[in-house]
**Student:** 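Got a structure here, written out as structure tokens. Questions coming.
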Amino acid sequence: QVQLVESGGGLVQPGGSLRLSCAASRSILSLSLMGWYRQAPGKQRELVAVYTAAGYRNYADSVKGRFTLTRDNAKNTVFLQMNSLKPEDAAVYYCRYVTRTLDEYWGQGTQVTVSS
């Protein structure tokens, strides 16, 4: 089992910034995937930004240039720096961890609200 603890969500005005953190209870090295998804009310969960098995970062087109995914391997933590937030970025953000054997784990989610 892997526990994922997310933090950093909250209320921010349009144009503002937030930094999300996802701390894993196991190593984040040698994974198939780790990163962030989001789900807005009435919509499907969608990819935001993830590290692939090869260590590349994939971003949703809607967040490119505004969001940055980083990691601290020593702390088993990935971060999502979100800048220039828009109302359409509001959602529950989930951390996803997929092992090499494709076992999948999700965090509990953290709410991001973008409103003036």
**Student:** Donor-acceptor pair, distance only, cut-off 3.5 Å: does the side chain of R26 make one with the backbone of V2?
**Tutor:**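 Pair absent, no side-chain N/O of R26 close to backbone of V2.
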**Student:** Can you tell me how far CE of M82 sits from CG of L69, rounded to the nearest 0.5 angstrom?
**Tutor:** 12.0 Å
**Student:** Could you state whether V92 and L20 fall into the same hydrophobic cluster, counting links through intermediate Ile, Leu, Val, Met, Phe, Trp or Tyr residues with side-chain heavy atoms under 4.5 angstrom apart?
**Tutor:**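 Unlinked, V92 and L20 end up in two clusters.
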**Student:** From E104 CD over to T99 OG1, what is the distance, rounded to the nearest 0.5 angstrom?
**Tutor:** 9.5 Å
**Student:** What's the spacing between Y93 OH and R38 CZ if we round to 0.5 Å?
**Tutor:** 4.0 Å
**Student:** Between S115 and T113, do the side chains contain an N or O donor and an N or O acceptor separated by less than 3.5 Å?
**Tutor:** no
**Student:** Flag yes if more than 12 heavy atoms outside Q44 fall under 6.0 Å of its CD atom; otherwise flag no.
**Tutor:**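 Count not over threshold, so no.
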**Student:** Does any N or O in the side chain of E6 come within less than 3.5 Å of the main-chain N or O of G109, such that one atom is a donor and the other an acceptor?
**Tutor:**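 Yes, because the side chain of E6 sits within donor-acceptor range (under 3.5 Å) of the backbone of G109.
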**Student:** Using the rule that two of Ile, Leu, Val, Met, Phe, Trp, Tyr join whenever any of their side-chain heavy atoms come within less than 4.5 Å, decide whether V78 and V50 are in one cluster.
**Tutor:**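 No.
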**Student:** Should L4 and V112 be counted in the same cluster of Ile, Leu, Val, Met, Phe, Trp and Tyr side chains packed under 4.5 Å apart?
**Tutor:** yes
**Student:** Between L85 and F67, is there a side-chain heavy-atom distance shorter than 4.5 Å?
**Tutor:** yes
**Student:** Checking S21 now: which residues fulfil side chain to side chain contact (heavy atoms under 4.5 Å, CB included) with it, not counting sequence neighbours?
**Tutor:** S7, T77, F79
**Student:** Among residues at least two apart in sequence or on other chains, which ones pass ring-ring contact (aromatic ring centres under 6.0 Å, His included) with Y37?
**Tutor:**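 Once residues adjacent in sequence are excluded, the partners of Y37 under the ring-ring contact (aromatic ring centres under 6.0 Å, His included) criterion are W106.
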**Student:** Working to the nearest 0.5 Å, report the span between OG1 of T110 and CG of L80.
**Tutor:**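 It comes to 11.0 Å.
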**Student:** Checking the side chain of S84 only, and the main-chain atoms of G15 only, is there a donor and an acceptor separated by less than 3.5 Å?
**Tutor:** no
**Student:** Using modelled atom types only, decide if a donor and an acceptor are shared between the side chain of R71 and the backbone of I28 within a distance under 3.5 Å.
**Tutor:** yes
**Student:** Any chance you could measure Y97, atom OH, to S25, atom OG, to the nearest 0.5 Å?
**Tutor:**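 Between atom OH of Y97 and atom OG of S25 there are 7.0 Å.
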**Student:** Using 0.5 Å steps for rounding, measure from the OG atom of S62 to the CD atom of E88.
**Tutor:**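 So the OG of S62 and the CD of E88 are separated by 8.5 Å.
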**Student:** For residues 47-61, which residue pairs pass the side-chain hydrogen bond (donor to acceptor under 3.5 Å, both in side chains) check, not counting sequence neighbours?
**Tutor:**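 Sorted pair list: D61-K64.
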